[in-house]
Structures are given as C-alpha cells and as structure tokens.
Amino acid sequence: MIIGIDASRANLRERTGTERYAFEVIRRLPELLPNHEIRLYTREAPLPDMPPASNRVRYNVLDWR
C-alpha cells in the first residue's frame, strides 16, 4: 500500500505541539509499516532529522504558494 502524508508541518526547524507530534509519527512509520511505501509531501527539501529517503520513503517537494 502507498501511504501519502502532508509532512509540511513536521518538516520545520522549530516544532511545537502539533508539529512535534506529526514529526514523531512520521519518524516511526517506516519501522511500524515495513511492507508499505510512504510518500511525504513537503513545501521544502526535507530537514536532516526527517526519515531518510529510500525505496520505501519518498519525498515530493511541492510549490504550495
């Protein structure tokens, strides 16, 4: 299954409540769902602490102006 997530809130340098929650969920998804592909949609390139891109984790940077 392919799971698509708006990761723009998690992909911020300074995370507060909802941003931190989204980051933690996204960070743990690859290990919790080993048989699924995760597509993360962001406004900017992923920050270094986001899950690394792989054959199961893919980033799509979109211009959402």
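What you see is a predicted model, and the numbers here were worked out from it, not measured in a lab.
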Visitor: Could you list the residues that satisfy side chain to side chain contact (heavy atoms under 4.5 Å, CB included) with E24, not counting sequence neighbours?
Guide: R20, R27, R28
Visitor: Could you state the interatomic distance from CZ (R15) to CZ (R9), rounded to the nearest 0.5 Å?
Guide: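 Going from the CZ atom of R15 to the CZ atom of R9 covers 12.0 Å.
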Visitor: Do V57 and P52 come within less than 4.5 Å of each other through their side chains, counting heavy atoms only?
Guide: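 A side-chain contact is absent here, since even the closest heavy-atom pair is not under 4.5 Å.
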Visitor: Would the distance check show the side chain of R39 and the main-chain N or O of I5 forming a donor-acceptor pair, the cut-off being under 3.5 Å?
Guide: no
Visitor: Are V61 and I3 connected in a single hydrophobic cluster, I mean Ile/Leu/Val/Met/Phe/Trp/Tyr linked by side-chain heavy atoms less than 4.5 Å apart?
Guide: no
Visitor: Between E37 and R56 (salt bridge meaning N to carboxylate O under 4.0 Å), is one present in this structure?
Guide: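 No.
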Visitor: Roughly how far, to the nearest 0.5 Å, is OH of Y21 from OG1 of T16?
Guide: 14.5 Å
Visitor: Do V25 and Y59 share a hydrophobic cluster (ILVMFWY, side-chain heavy atoms under 4.5 Å, transitive)?
Guide: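 As far as the 4.5 Å side-chain criterion goes, Y59 and V25 are connected within one cluster.
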Visitor: Check whether any side-chain heavy atom of M50 sits under 4.5 Å from a side-chain heavy atom of N11, and report yes or no.
Guide: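 Answer yes - side chains close enough.
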Visitor: I'd like to know if the side chain of T42 and the backbone of A45 have a donor-acceptor N/O pair within less than 3.5 Å.
Guide: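 Absent.
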Visitor: Do R13 and D49 sit within salt-bridge range, that is, some charged N less than 4.0 Å from a carboxylate O?
Guide: no
Visitor: Is any side-chain heavy atom of N60 closer than 4.5 Å to a side-chain heavy atom of L40?
Guide: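 N60 vs L40: side chains apart.
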Visitor: Honestly curious: do L33 and M1 fall in one hydrophobic cluster under the side-chain, below-4.5 Å linking rule?
Guide: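 Same cluster.
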Visitor: Look up atom CD1 in I38 and atom CG in L32, then write down how far apart they are to the nearest 0.5 Å.
Guide: 8.5 Å
